[in-house]
There are 2 protein chains.
Amino acid sequence: MDETLEPQQEARQGSPQRATMADVAKRAGVSRTLVSLVLRDRPGAGAATRERVLKAADELGYRPDSAAQMLARGRSRTLGVLMNLEQPFHAEVVKAIYPAAAQLGYDVLLSAVAPGRDEHLATGALLGHRCEALVLLVSDPESHATERLGGTVPTVVVGRQATTPGVDSVHTAEAKGVRQAVDHLVDLGHRRIVHIDGGKGPGSADRRSAYRAAMRRHRLADEIRVLPGAQDEDAGIAAGMLLLSEDALPTAVLAANDRCAIGLMHALRSGGVDVPGEVSIVGYDDGNLSHLSHINLTTVRQDAAGIAGHAVRNAVERLENGTLPGRETVCDAQLVVRATTAPPR
Amino acid sequence: MDETLEPQQEARQGSPQRATMADVAKRAGVSRTLVSLVLRDRPGAGAATRERVLKAADELGYRPDSAAQMLARGRSRTLGVLMNLEQPFHAEVVKAIYPAAAQLGYDVLLSAVAPGRDEHLATGALLGHRCEALVLLVSDPESHATERLGGTVPTVVVGRQATTPGVDSVHTAEAKGVRQAVDHLVDLGHRRIVHIDGGKGPGSADRRSAYRAAMRRHRLADEIRVLPGAQDEDAGIAAGMLLLSEDALPTAVLAANDRCAIGLMHALRSGGVDVPGEVSIVGYDDGNLSHLSHINLTTVRQDAAGIAGHAVRNAVERLENGTLPGRETVCDAQLVVRATTAPPR
DNA sequence: TCTGGAATCTGGAGCGCTCCACTGTCGCGC
DNA sequence: GCGCGACAGTGGAGCGCTCCAGATTCCAGA
């Protein structure tokens, strides 16, 4: 950068150029190395000196340069998280990843998929920033390209089973969650229970097969019906439209996730269908929308904090432990009964 | 004897060593510098050599180390974005920031506020990663601490006017949007139009005063009523509850944002109130929820792409231009009439 | 008195990259 | 033949930090 001296810096922080460790050292009258020790809270510095260094650093508004740290350490202690900004559940998980990573001394970098920014690009950015491990909240199960990064860097896939050896996965006990949901509906007296599929979204394949299994367990194999869908409101709406166009409605629907459930609920209600009077709906995720008092969605709660914790721990373990076989961590699922399920008419 | 230092052990950390520029250079039989030139697509290399370098880089799976790049360049060409994972509108803006930044050759780093991770911490992380400029989608107008970073690093505040000199701001023409909304309601015949306040959220103060001004313009000063609130569903619900508990409902409500509007809508509907039959509702943002066919919210559309573009351009300009006075960019607002507004009974 | 070891502190090398100043090598006009 | 600019390519310095191998001090114990 050109050495354009900034004429008016805030007086408080003073330095036109970012303060370096050498500046702090000079001010405190010690060596760079010692400053480094003190700032990283390592033994090897006397109490008085320590104090002096800290004071000097504070006065200069010193901020360690993580780029230089990474370079020098040969490690970045940074975890990369690939997410979708539109999935509330991702937000939930990310919120829990921050403290989990911080606790283990890791930093977190977020990268989101967006139109024109696919998984590949987004993970590339993460890797370019020297993330030592990746947590993939988004990952196309069909193109294993992203997962295969596991060969390069420890990778944890969230929300579904990994299909590549050497890649960890953390996901919800979909079978349990779905079974609870189906059990609940059957207990209420439902038989015609439709499932809206989540397409390529995480967990969808498992939920689909768990739905089938649960239906069979209740000897309702004949009633099995899976509608194509996705994990968003539009898919729920589309499914709702489809159902409304048919002769008879099912009495209950297990949606791909909460967003899908909400879309479905709106579609049905605006089609004059009473929920849960005529049709019961069960969601999946238990994000911040579902517990809103008027949505009040019966849903399968995924343990975002648990998922985040395990994902981080697995990634770090793999990082510090070298090669490990791919592990699968299953987090608990819990049906939360609210107001969108009721006995069928 | 120092020169026979053995290379870093590979086995210990398990990770296969990441290929460096020197590796690529050796493989292609050229100097590091040339590799650097080729990879950055700079003139100074012959076509044949260029090809060879590219091939070598590809074969080694070479990935430039952005930490080293930053360090060497003295610049990171990275923009930091502070966001809230729970605001769909932020997601919208971020999605547009990516391409805008990429076009100017800048990288984007995301940092989210979360429980236990306040603005200060989140921006600290961004700064530690050497972001050269910050785009703040989140910023507490009361504590100017975050904004004051503008003294250190170019800062653009999104969603409200900056209160610190030397800090740019990009926000929607709240006055115009709100005026359109109020005009629309008045045109429909409404007089009792209540506004739910967005609390400390971005844009709230402007919307509040714009609401007051618009009401006065229509000689409805007596009908002005601002309910305390926030920019989320819960606030909408709370406001709805409050209104339901009163003797008479207003005929229209201008909500703090879409999320708030949705909360309100649900609260009113579950209280047996017809929307828009008895009460019309107008939101603000036009995020992905509002256009869902059953929510179908009349709302004020904020130009996320425009906001993102201006924020990025302003930040970069300030970066490359040295000192500039604080500028304010106002993006268009546009009322989108959908199905939650109708003439009063 | 000397020894040795803990506690404290220092200098230099080097992480992977970019930039600057430089060396060659052409080809072309005079 | 010479000069000269354009192009191709090289080597070294150094970004801010951490680590390693010492250097210095001080004091307990023989």
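Reminder, nothing fancy here: chain letters follow the sequence lines and each chain counts from 1.
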In whole Å, what is the span from the [atom1] atom of [X] to the [atom2] atom of [N]?
X: Lys26(A); N: dT10(C); atom1: NZ; atom2: P; result: 15 Å
X: Leu34(B); N: dT23(C); atom1: CG; atom2: C1'; result: 14 Å
X: Leu37(B); N: dG11(D); atom1: CG; atom2: C1'; result: 13 Å
X: Met70(B); N: dC19(C); atom1: CE; atom2: P; result: 14 Å
X: Asp65(A); N: dC15(C); atom1: CG; atom2: C1'; result: 13 Å
X: Met21(B); N: dG11(D); atom1: CE; atom2: C1'; result: 15 Å
X: Arg40(B); N: dT18(C); atom1: CZ; atom2: P; result: 5 Å

**Study point:** Residue whose nearest DNA chain C nucleotide is more 5′ - Ala68(B) or Arg50(A)
**Key:** Arg50(A)

**Study point:** Polar side chain donor-acceptor pair, Thr155(A) to Arg318(A), under 3.5 angstrom
**Key:** no

Point to revise | Ser111(B) and Arg117(B): side chain donor to acceptor below 3.5 Å | key: yes

Check your understanding: Do the side chain of Arg32(B) and the base of dT18(C) come within less than 3.5 angstrom through a donor-acceptor pair of N or O atoms?
Key -> yes

Check your understanding: Can you find a donor-acceptor N/O pair under 3.5 angstrom joining the side chain of Thr33(B) to the base of dG9(D)?
Key -> no

Practice item. Step through the shown structure and confirm whether more than 12 heavy atoms of other residues, nucleotides or ligands are within 6.0 Å of CD on Gln103(A). Key: no

Can you tell me if the side-chain N/O atoms of [X] get under 4.0 Å from OP1 or OP2 in [N]?
X: Ser31(A); N: dG11(C); answer: no
X: Arg73(A); N: dG16(D); answer: no
X: Arg42(B); N: dC19(C); answer: yes
X: Ser36(B); N: dC17(C); answer: no

Exercise for review: Could you walk me through whether Asp107(B) and Arg77(B) pass salt bridge (charged side-chain N to carboxylate O under 4.0 Å, His left out), step by step?
Suggested key: CA-CA 6 Å; Asp107(B) 205 358; Arg77(B) 294 197 78 86; over 6 Å; no

Exercise for review: May I ask you to test the Thr329(B)-Asn314(B) pair for a side-chain heavy-atom distance under 4.5 Å?
Suggested key: yes

Study note, to complete from the structure: Quick note, Ala72(B) side chain, CB onward, closest among dG9(D), dC15(D), dT10(C) is dC15(D)

Point to revise | Of the listed nucleotides dC15(C), dT18(D), dT10(D), the one nearest the side chain of Leu71(A) | key: dC15(C)

